Engineer: 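Below you'll find the structure I mean.
Note that the structure is a prediction, hence the values are computed from the model and not measured.
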Amino acid sequence: MSAETKSLNFLEHIIEEDLANGLSKDKLRFRFPPEPNGYLHIGHTKAIGISFGLGEKYNAPVNLRFDDTNPAKEEQEYVDAIKEDVSWLGYKWAEERYSSDYFQELYDWAILLIKDGKAYIDSQSSKTMAEQKGTPTQPGVDGPYRNRTIDENLELFAKMKAGECNEGEHILRAKIDMQHVNMLMRDPLMYRVLKKHHHRTGNDWCIYPMYDWTHGESDYIEQISHSLCSLEFKPHRELYDWFKEQVHGFAKNKYPMQPKQREFARLNLSYTIMSKRKLLKLVEEGLVSGWNDPRMPTISGLRRRGYTPQSIRKFVETVGVAKRENIIDVSLLEFCIREDLNKKAHRVMAVLNPIKLVITNYPEGKEEWLEAENSQEDESAGFRKVPFSRELYVEKEDFKEEAGSKFFRLRLGGEVRLKNAYIIKAESVVKDAQGNVTEIHCTYSTDTEKKVKGTLHWVSIKHAIKAEVRDYDRLFTDEAPDSHADKDFMEFINSKSLKTIEAFVEPSLADAKIGDQFQFQRLGYFNVDDDSTSKNLVFNKTVGLRDSWAKVKPKENTNNQQGNNQKQPQQNKRSAIDQIKSYGKKYDRMQDDQREKAKAEIIELAKSIAYEDLEPLFGTAVKKAGTRIITMISLGVLLDNGLDKNEAINNFITKALEDKNELLVVEANALL
RNA sequence: UGGCCUAUGGUGUAACUGGUAACACGUCAGUUUUUGGUACUGAAGAGUCUAGGUUCGAGACCUAGUGGGCCAACCA
């Protein structure tokens with residue numbers, strides 16, 4: 001129960017080990033370093049949660065650092081949005097920093113590196129340099145400028161900085177090793193000429209440092225103890241360390257601690273994408289209303305949709321941290337927001353798909369204001385009044401003329417409770433020319449103690465307020481839209497991801513404010529959208545309630561069968577021989593009937609394997625009887641299909657006959 | 001023809017320096033219920049990718065294989 005019993009993730013293990021090895025706890029310092037070139041998304045909340053979470057756990061400072069070294073892509077708008085999102089999540093950064101704060105210091109160090117013979121000016125085109133770089137499997141070759149004199153390098157670098165060079169004319173690169181197995185170590189670029197206005201440094205600079213040179217040294221300047229980033233930066237670590245060691249040589253008095261980069265797997269969510277570039281495309285092509293469209297996986301989108309900071313933090317916490325690729329099921333995110341809103345949201349009644357219901361024995365013109373509980377989860381939530389009258393709206397789905405015993409809602413002749421009101425009985429219906437029910441006529445009873453199976457929500461027609469409700473579906477139809485080599489993620493766009501509904505809500509909602517959150521009873525959680533006005537209320541459906549009725553309900557579930565589709569391909573993906581092998585692991589421990597089934601499966605699978613697949617298993621260790629048995633069974637199938645016995649087969653069988661495992665002996669005998 | 005990372009129920013994470021798998025979501029069933037919600041109780045579901053090795057003992061350590069990911073932007 002207590003926090004200390006919770007097991008540590010691998011990053012915490014690393015930190016604990018460092019502390020045990022003498023790192024002082026007050027030296028711990030982390031950072032979250034976004035590039036201000038887009039909005040933060042749910043994937044970033046993992047990185048944020050890790051670094052800020054560690055900060056909270058160890059009471060260590062966490063800087064928010066904008067990695068702003070590419071003026072071509074970065075904008076103040078993004079800086080502001082990022083700050084808003086991080087604050088909204090409830091995290092407090094120790095200091096707001098910018099990589100651009102360090103341009104001068106970085107430049108000074110670059111000169112020292114040149115003087116050390118560790119960096120040089122290259123003056124070739126990017127294309128020829130790329131060619132000289134080789135490929136992951138082929139080493140690179142040295143370029144013609146690699147051995148320029150230090151003086152010449154210094155002079156050219158100064159000219160670059162002075163604005164005397166054009167973009168692409170010269171660059172500064174580190175002198176490491178063009179034959180290095182790690183491509184990043186093949187004389188990486190440190191500076192390029194970029195005659196662009198920077199959102200903070202204006203036109204002060206016309207050379208800008210590259211990521212590898214900037215990022216590590218920014219960590220170093222800020223004396224970050226653990227620099228945590230996602231897995232794709234793993235290859236950069238070697239370079240990170242190389243730069244760090246060079247600079248530490250000049251600056252160890254000023255900056256004693258050398259940071260340590262460690263990498264974790266980024267978060268992926270099913271049915272959405274996590275790439276700023278691709279999200280930008282959705283925005284630019286108008287497929288969503290903006291970065292904060294409620295369907296977007298951005299923090300601002302989730303916020304507008306009605307997700308709370310607590311729910312997102314809980315989500316990130318439950319997801320955990322490790323180093324393997326993952327796709328997290330959206331149902332976990334949905335669980336987190338339901339759990340949070342269940343405690344907080346007040347219950348109200350709203351009818352999204354109305355049908356008129358008339359209570360024939362309720363006097364015309366009469367109205368009553370009935371007491372309704374705001375939340376059964378929170379006693380302090382109190383009560384409100386809801387108006388009741390002769391004519392109501394209820395959900396179309398809640399009525400059927402005839403229905404099976406599993407249908408707890410209203411049917412002709414059946415009784416049902418109206419939430420917060422009376423028990424009614426359906427007596428008759430009115431139909432239009434096409435035979436559609438347009439009105440349900442009921443009688444009511446004031447005996448509310450009576451037990452009935454169903455309870456319906458409703459709204460008094462006379463008092464109800466019209467409201468716009470936006471119902472969202474997932475943005476993509478594929479579980480992993482950007483993981484297909486042969487298909488573009490845009491092909492999986494769900495064209496029906498937004499449904500606008502004209503709904504009727506109870507009058508207490510008249511003064512709901514933007515951002516207010518409610519549970520529309522029996523339907524789900526909804527919040528008041530930014531577009532809402534007092535004249536035209538707009539609600540977003542944050543998430544539906546868990547709905548066990550939907551699972552029982554026959555057919556008509558059109559697009560909710562994704563769950564089944566997944567299992568098949570996963571199994572089919574394993575080759576027959578692998579499936580057979582996995583039977584082998586447990587074969588000798590199975591119950592008789594299970595074993596019969598398994599054997600039949602194995603015989604089936606064995607028909608599609610080759611002898612070459614099987615032969616290596618002849619050498620299986622004696623103690624692994626199961627594997628040897630399944631091998632024997634499979635071998636039998638191959639022999640039946642015309643395979644000739646050879647030396648290896650005979651040896652395998654002979655050896656098996658002497659085994660102490662009876663099952664194996666039986667199978668071996670069968671092959672004689 | 002390379003290097004690095006990774007492999008545990010449907011999903012995600014655990015298992016302290018080796019002692020035969022736990023938690024959450026999801027699924028199923030029951031109880032409660034003026035929400036087919038919530039809460040509570042219970043169940044099913046993996047023997048840890050494969051093979052070999054070290055060991056009294058391996059999910060953990062070693063080797064090889066297989067699957068997945070990353071690495072050749074004057075992006076970060």
Engineer: Ion pair present between A:Lys450 and A:Glu415, side-chain N to carboxylate O less than 4.0 angstrom?
Structural biologist: yes
Engineer: What integer distance in Å separates A:Asn326:CG from B:rU13:P?
Structural biologist: 5 Å
Engineer: If the C1' atom of B:rU13 is compared with that of B:rU50, how far apart are they to the nearest Å?
Structural biologist: 24 Å
Engineer: Among A:Lys419, A:Arg522, A:Arg417, A:Arg411, which one satisfies salt bridge (Lys or Arg N to Asp or Glu O under 4.0 Å) with A:Asp398?
Structural biologist: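 Among A:Lys419, A:Arg522, A:Arg417, A:Arg411, the one meeting salt bridge (Lys or Arg N to Asp or Glu O under 4.0 Å) with A:Asp398 is A:Arg522.
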Engineer: Using atom P of each nucleotide, how far apart are B:rG45 and B:rC61 to the nearest Å?
Structural biologist: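 After rounding to an integer number of Å, I get 29 Å for this pair.
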Engineer: Identify the nucleotide, in any strand shown, that forms a Watson-Crick or G-U wobble pair with B:rU32, with both distances under 3.5 Å; if there is none, say none.
Structural biologist: none
Engineer: Any side-chain N or O of A:His13 below 4.0 angstrom from OP1/OP2 of B:rA14?
Structural biologist: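 Answer no for this pair, as no side-chain N or O of A:His13 is under 4.0 Å from OP1 or OP2.
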Engineer: Rounded to whole Å, how long is the line connecting atom CZ of A:Phe10 with atom P of B:rA15?
Structural biologist: 12 Å
Engineer: Using a 4.0 Å heavy-atom cut-off, does A:Val321 contact any base of the nucleic acid, only the sugar-phosphate backbone, or nothing at all?
Structural biologist: sugar-phosphate
Engineer: Could you give the distance separating B:rG10 and B:rA44 at their C1' atoms, to the nearest angstrom?
Structural biologist: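 Nearest-Å result for B:rA44 against B:rG10 at atom C1': 13 Å.
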Engineer: Under a 3.5 Å cut-off for both distances, is B:rG9 Watson-Crick or wobble paired, and to whom?
Structural biologist: none
Engineer: NA contact type, A:Met129, heavy-atom cut-off 4.0 Å: base, sugar-phosphate, or nothing?
Structural biologist: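 Base contact.
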Engineer: Do A:Lys161 and A:Trp205 meet the cation-pi criteria used here (NZ or CZ under 6.0 Å from the six-membered ring centre, within 45° of the axis)?
Structural biologist: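 Yes, cation above the ring, under 6.0 Å and within 45°.
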Engineer: Searching all strands shown, indicate the nucleotide that pairs with B:rU50 (Watson-Crick or G-U wobble; both distances under 3.5 Å).
Structural biologist: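 B:rU50 is paired with B:rA64.
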Engineer: Who is the Watson-Crick or G-U wobble partner of B:rG45, with both distances under 3.5 Å?
Structural biologist: none
Engineer: Quick one: on RNA chain B, does A:Ala322 or A:Pro209 contact a more 5' nucleotide (nearest heavy atom)?
Structural biologist: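 Between the two, 5'-proximity favours A:Ala322.
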Engineer: Name the residue closer to the 5' end of RNA chain B, choosing between A:Leu8 and A:Gly168 according to the nucleotide with the nearest heavy atom.
Structural biologist: A:Leu8
Engineer: May I ask you to say what A:Ile171 touches in the nucleic acid, namely base, sugar-phosphate or nothing, with a heavy-atom cut-off under 4.0 Å?
Structural biologist: base
Engineer: Sticking with atom C1', work out how far B:rG12 lies from B:rU48, rounded to a whole angstrom.
Structural biologist: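 Straight-line distance between the two C1' atoms is 15 Å.
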Engineer: Using whole Å, what does the distance between atom C1' of nucleotide B:rA72 and atom CG of A:Leu184 come to?
Structural biologist: 9 Å
Engineer: When the distance from NZ of A:Lys276 to P of B:rA73 is rounded to whole Å, what number comes out?
Structural biologist: 20 Å
Engineer: Is the closest basic N to carboxylate O distance between A:Lys73 and A:Glu35 below 4.0 Å?
Structural biologist: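 Looking at A:Lys73 and A:Glu35, the cut-off is not met.
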Engineer: Of the options B:rG2, B:rA76, B:rC74, whose atoms approach the side-chain atoms of A:Phe233 most closely?
Structural biologist: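 Looking only at heavy atoms from C-beta outward on A:Phe233, the closest nucleotide is B:rA76.
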Engineer: Please check: side-chain N/O of A:Gln132 versus main-chain N/O of A:Met129, any donor-acceptor pairing under 3.5 Å?
Structural biologist: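 Absent.
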Engineer: Would you mind reading off the distance between A:Phe335 atom CZ and B:rC25 atom C1', rounded to a whole angstrom?
Structural biologist: 7 Å
Engineer: Between atom CD in A:Glu35 and atom P in B:rA73, what is the gap in whole Å?
Structural biologist: 17 Å
Engineer: Expressed as a whole number of Å, how far does the C1' atom of B:rG59 sit from that of B:rA46?
Structural biologist: 11 Å
Engineer: Which letters describe nucleotides 34-41 of chain B, given B = protein heavy atom under 4.0 Å from base, S = only from sugar-phosphate, - = neither?
Structural biologist: BBBBS---
Engineer: Using only side-chain N and O atoms of A:Arg192, determine if any of them is under 4.0 Å from OP1 or OP2 of B:rA76.
Structural biologist: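 Yes, such a contact exists.
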Engineer: Considering only side-chain heavy atoms of A:Val181, which listed nucleotide, B:rA72, B:rG26, B:rG3, is closest?
Structural biologist: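 The closest nucleotide is B:rG3.
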Engineer: Taking syn as a glycosidic torsion within 90° of 0 and anything else as anti, which one is B:rG47?
Structural biologist: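 What B:rG47 shows is a syn base, its glycosidic angle lying within 90° of 0.
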Engineer: Given that both distances must come in under 3.5 Å, which nucleotide forms a Watson-Crick or G-U wobble pair with B:rA21?
Structural biologist: none
Engineer: Any side-chain heavy atom of A:Thr318 within less than 4.5 Å of one from A:Phe335?
Structural biologist: no
Engineer: Counting just side-chain N and O atoms, does A:Lys323 come under 4.0 Å of either OP1 or OP2 of B:rG69?
Structural biologist: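 Negative; the distance criterion is not met.
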Engineer: Have a look at A:Thr69 and say if it touches a base, only the backbone sugar-phosphate, or nothing, with a 4.0 Å heavy-atom cut-off.
Structural biologist: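 Sugar-phosphate only.
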Engineer: Let me know the distance between CD of A:Glu232 and P of B:rC5, rounded to the nearest Å.
Structural biologist: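 From A:Glu232 CD to B:rC5 P: 16 Å.
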Engineer: Determine the interatomic distance between C1' on B:rA39 and the same-named atom on B:rG67; round to the nearest Å.
Structural biologist: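 These two C1' atoms come out 43 Å apart once rounded.
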Engineer: Assess the side chains of A:His170 and A:Ser123: does a donor N or O sit below 3.5 Å from an acceptor N or O?
Structural biologist: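 There is such a pair between these side chains.
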Engineer: Counting any heavy atom closer than 4.0 Å, what does A:Gln124 reach on the DNA or RNA strands: base, sugar-phosphate only, or nothing?
Structural biologist: base
Engineer: Counting only Watson-Crick or G-U wobble pairs whose two distances fall under 3.5 Å, which nucleotide matches B:rG2?
Structural biologist: B:rC71
Engineer: For B:rC23, take OP1 and OP2 only and decide whether either is under 4.0 Å from a side-chain N or O of A:Ser7.
Structural biologist: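 The answer is no; no side-chain N or O of A:Ser7 sits under 4.0 Å from OP1 or OP2.
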Engineer: Figure out the CD/C1' separation between A:Glu263 and B:rC71, and round it to whole Å.
Structural biologist: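 Interatomic distance, CD of A:Glu263 to C1' of B:rC71: 13 Å.
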Engineer: Any side-chain donor-acceptor pair under 3.5 Å between A:Arg31 and A:His215?
Structural biologist: yes
Engineer: Are A:Tyr240 and A:Phe233 near enough that their ring centres are under 6.0 Å apart?
Structural biologist: no
Engineer: Do the ring centers of A:Tyr191 and A:Tyr208 come within less than 6.0 Å of each other?
Structural biologist: no
Engineer: Determine the Euclidean distance between corresponding C1' atoms of B:rU38 and B:rU34; express it in Å to zero decimal places.
Structural biologist: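 Between the two C1' atoms, the distance is 14 Å.
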Engineer: Give a yes or no on whether a salt bridge exists between A:Asp482 and A:Lys278, defined as a side-chain N under 4.0 angstrom from a carboxylate O.
Structural biologist: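 Here A:Asp482 pairs with A:Lys278 in a salt bridge, since their nearest N and O are under 4.0 Å apart.
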Engineer: Take atom P in B:rG37 and the same atom in B:rA21, then report the distance between them in whole Å.
Structural biologist: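 Going atom to atom, P in each nucleotide, I get 34 Å.
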Engineer: Give the nucleotide from the list B:rC75, B:rG12, B:rG2 with an atom nearest to the side chain of A:Lys73.
Structural biologist: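 My answer, after comparing the listed nucleotides, is B:rC75.
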Engineer: Find the partner of B:rG37: check Watson-Crick (N1-N3 plus N6-O4 or O6-N4) and G-U wobble (N1-O2, O6-N3) distances, both under 3.5 Å, and reply none if neither fits.
Structural biologist: none
Engineer: Classify the nucleic acid contact of A:Asp67 as base, sugar-phosphate or nothing, counting any heavy atom under 4.0 Å across all strands shown.
Structural biologist: sugar-phosphate
Engineer: How is A:Ile327 classified with respect to the nucleic acid when contacts are heavy atoms under 4.0 Å: base, sugar-phosphate, or nothing?
Structural biologist: sugar-phosphate
Engineer: If only side-chain N and O atoms of A:Lys314 are considered, is one of them under 4.0 Å from the OP1 or OP2 phosphate oxygen of B:rC25?
Structural biologist: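 Checking B:rC25 against A:Lys314, no side-chain N or O comes under 4.0 Å of OP1 or OP2.
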